[in-house]
Q: 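Handing you this structure, nothing more for now.
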Amino acid sequence: GVPNKVLTLVLIREEYRILLGMKKRGFGVNRWNGFGGKVEAGETIAQGAKREVEEECGLTLTEFEEVGRIDFEFVGEPQILEVHIFRGDKYEGELQETEEMRPEWFALDAIPFHSMWPDDAYWFPIFLRGSKFKGYIKFEGHDKILDCSLEELETT
Ligand code: 6U4
Ligand code: NA
Ligand code: NA
């Protein structure tokens with residue numbers, strides 16, 4: 001088969017708020033999303049996550065951890081998107097808007113699920129209670145979920 005496309009997705013969270021970015025171009029445009037992108041040749045997945053956060057919002061992660069993995073299938077596309085999800089706990093630097101993202105903090109009880117990828121409403125609750133998770137989600141187009149299986153692995 002076709003090899004997976006390996007991607008990162010980083011949610012920087014503090015006790016009462018989470019950092020999202022409004023995607024200004026490309027995949028997921030006009031949606032609030034975590035930061036991330038394709039892992040490049042010669043870097044680890046964690047290095048890719050840290051690099052994308054710097055490129056997309058100017059912050060440098062000093063503490064972060066992989067907490068989830070979701071494989072996405074898009075009907076009609078042979079390649080599975082293998083998304084590695086990280087929680088960012090500490091960072092340095094100044095938040096800045098970039099060509100790709102307009103960052104904004106959201107209170108944990110005011111996450112804009114209606115303007116996010118629809119799968120986020122399923123796994124954010126697991127993420128927010130501090131558990132690790134893995135899953136498989138099948139999309140038709142970018143709005144309709146046909147299949148969703150999520151497994152909560154542990155509470156830390
Ligand atoms: P370019 O423009 O080539 O530099 P790059 O920044 O490498 O792109 P991008 O932005 O296309 O990659 O990566 C897609 C991002 O969208 C990754 O962070 C993963 C994330 N993503 C993909 N499907 C998602 C989904 N269903 N739900 C979600 N995030 C998703 O919350
Ligand atoms: Na990106
Ligand atoms: Na990129």
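Fair warning: this is a prediction, and the values are worked out from it, not measured in the lab.
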Q: Can you check side-chain contact (heavy atoms from CB on, under 4.5 Å) on I18 and W105, steps first, answer last?
A: CA-CA 6 Å; I18 192 165; W105 289 101; 5.6 Å; no

Q: Please identify each residue that fulfils ring-ring contact (aromatic ring centres under 6.0 Å, His included) with Y122, with sequence neighbours left out.
A: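 Result, ring-ring contact (aromatic ring centres under 6.0 Å, His included) vs Y122: none returned.
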
Q: Following the transitive rule for hydrophobic clusters with a side-chain heavy-atom cut-off under 4.5 Å over Ile, Leu, Val, Met, Phe, Trp and Tyr, establish whether F86 and L153 coincide in one cluster.
A: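 No, because F86 and L153 fall into different hydrophobic clusters, even though each may have its own neighbours under 4.5 Å.
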
Q: Before accepting this row, confirm whether a basic side-chain N of the pair R51/E55 lies closer than 4.0 Å to the acidic partner's carboxylate O.
A: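 Answer for the salt bridge query: yes.
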
Q: Counting N and O atoms only, with roles assigned by atom type, does the side chain of K23 sit under 3.5 Å from a partner on the main chain of R25, one being a donor and the other an acceptor?
A: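 Yes, the answer is positive, given that a donor and an acceptor are paired below the 3.5 Å cut-off.
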
Q: Are the side chain of Q47 and the backbone of T44 linked by a donor-acceptor contact shorter than 3.5 Å?
A: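 A pair under 3.5 Å: yes.
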
Q: Are K132 and E65 within salt-bridge range, i.e. N to O under 4.0 Å?
A: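 E65 and K132: salt-bridged.
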
Q: Mind checking whether F74 and F27 have parallel, tilted or perpendicular rings, split at 30° and 60°?
A: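 Perpendicular.
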
Q: Would F72 end up clustered with L9 when hydrophobic side chains under 4.5 Å apart are linked, directly or stepwise?
A: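 Hydrophobic grouping puts F72 with L9.
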
Q: Determine, stepwise, if the pair Y91 / E14 fulfils side-chain hydrogen bond (donor to acceptor under 3.5 Å, both in side chains).
A: CA-CA 11 Å; Y91 56 86; E14 295 179 344; 2.8 Å; yes

Q: Once side chain to side chain contact (heavy atoms under 4.5 Å, CB included) is applied, do any residues pair with E82, and if so which ones, sequence neighbours excluded?
A: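 Partners of E82 under the side chain to side chain contact (heavy atoms under 4.5 Å, CB included) test: N4, V6, R69, D71, H84.
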
Q: Step through the shown structure and confirm whether more than 12 heavy atoms of other residues, nucleotides or ligands are within 6.0 Å of NZ on K90.
A: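 Result for NZ/K90: open.
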
Q: Work out which heavy atom in E73 is nearest to a heavy atom in I80; give both atom names and the distance.
A: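 Closest pair (atom of E73, atom of I80, distance): CB-CD1, 3.8 Å.
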
Q: When the ring planes of F127 and F124 are compared, do they come out parallel, tilted or perpendicular, using 30° and 60° as the limits?
A: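 Tilted: the ring planes of F127 and F124 meet at 30° to 60°.
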
Q: For the side chain of E94 and the backbone of G58, is there at least one donor-acceptor N/O pair under 3.5 Å apart?
A: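 No: the side chain of E94 does not pair with the backbone of G58.
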
Q: Could you walk me through whether E92 and T60 satisfy the side-chain hydrogen bond (donor to acceptor under 3.5 Å, both in side chains) test, starting with their C-alpha distance in whole Å, then the side-chain angles of each, then the deciding distance to 0.1 Å, before giving a yes or no?
A: CA-CA 5 Å; E92 293 171 345; T60 301; 5.8 Å; no

Q: Regarding K38 and E52, does a basic nitrogen lie under 4.0 Å from an acidic carboxylate oxygen?
A: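 Looking at K38 and E52, the cut-off is not met.
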
Q: Please answer: with hydrophobic residues joined when any side-chain heavy atoms are less than 4.5 Å apart, are V67 and L61 in the same cluster?
A: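 Not linked; separate clusters.
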
Q: If you group Ile, Leu, Val, Met, Phe, Trp and Tyr by side-chain heavy-atom gaps below 4.5 Å, do L7 and F133 land in one group?
A: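 Both belong to a single hydrophobic cluster.
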
Q: If every non-hydrogen atom of P78 is compared with every non-hydrogen atom of V2, which pair is closest and at what distance?
A: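 It is CB-CG2, 3.8 Å.
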
Q: Please check this pair: side chain of E56 against backbone of V53, looking for a donor-acceptor N/O pair closer than 3.5 Å.
A: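 Flag not set: sc E56 to bb V53 has no pair under 3.5 Å.
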
Q: Walk me through whether V83 and I85 qualify under side-chain contact (heavy atoms from CB on, under 4.5 Å).
A: CA-CA 6 Å; V83 178; I85 301 170; 4.0 Å; yes

Q: Do the two ring centres, one from F106 and one from W32, sit under 6.0 Å apart?
A: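 Yes, the ring centres sit under 6.0 Å apart.
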
Q: Taking the side chain as everything from C-beta on, heavy atoms only, tell me whether F64 gets closer than 4.5 Å to D89.
A: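 The answer is no, as the side chains (C-beta and beyond) never meet within the 4.5 Å cut-off.
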
Q: Quick one: do E66 and R87 make a salt bridge, cutoff under 4.0 Å?
A: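 Answer for the salt bridge query: no.
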
Q: Between L128 and R13, does a side-chain contact (heavy atoms from CB on, under 4.5 Å) hold up when you go through it step by step?
A: CA-CA 9 Å; L128 291 174; R13 86 161 276 193; 4.1 Å; yes

Q: Give every donor-acceptor pair under 3.5 Å between a side-chain atom in residues 139-149 and any protein atom, sequence neighbours left out.
A:
residue: D143; atom: OD1; partner: R31; partner atom: NH2; Å: 2.6

Q: Is there a path from V29 to F35 through hydrophobic residues (I, L, V, M, F, W, Y) whose side chains come within less than 4.5 Å of each other?
A: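 No, V29 and F35 fall in different hydrophobic clusters.
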
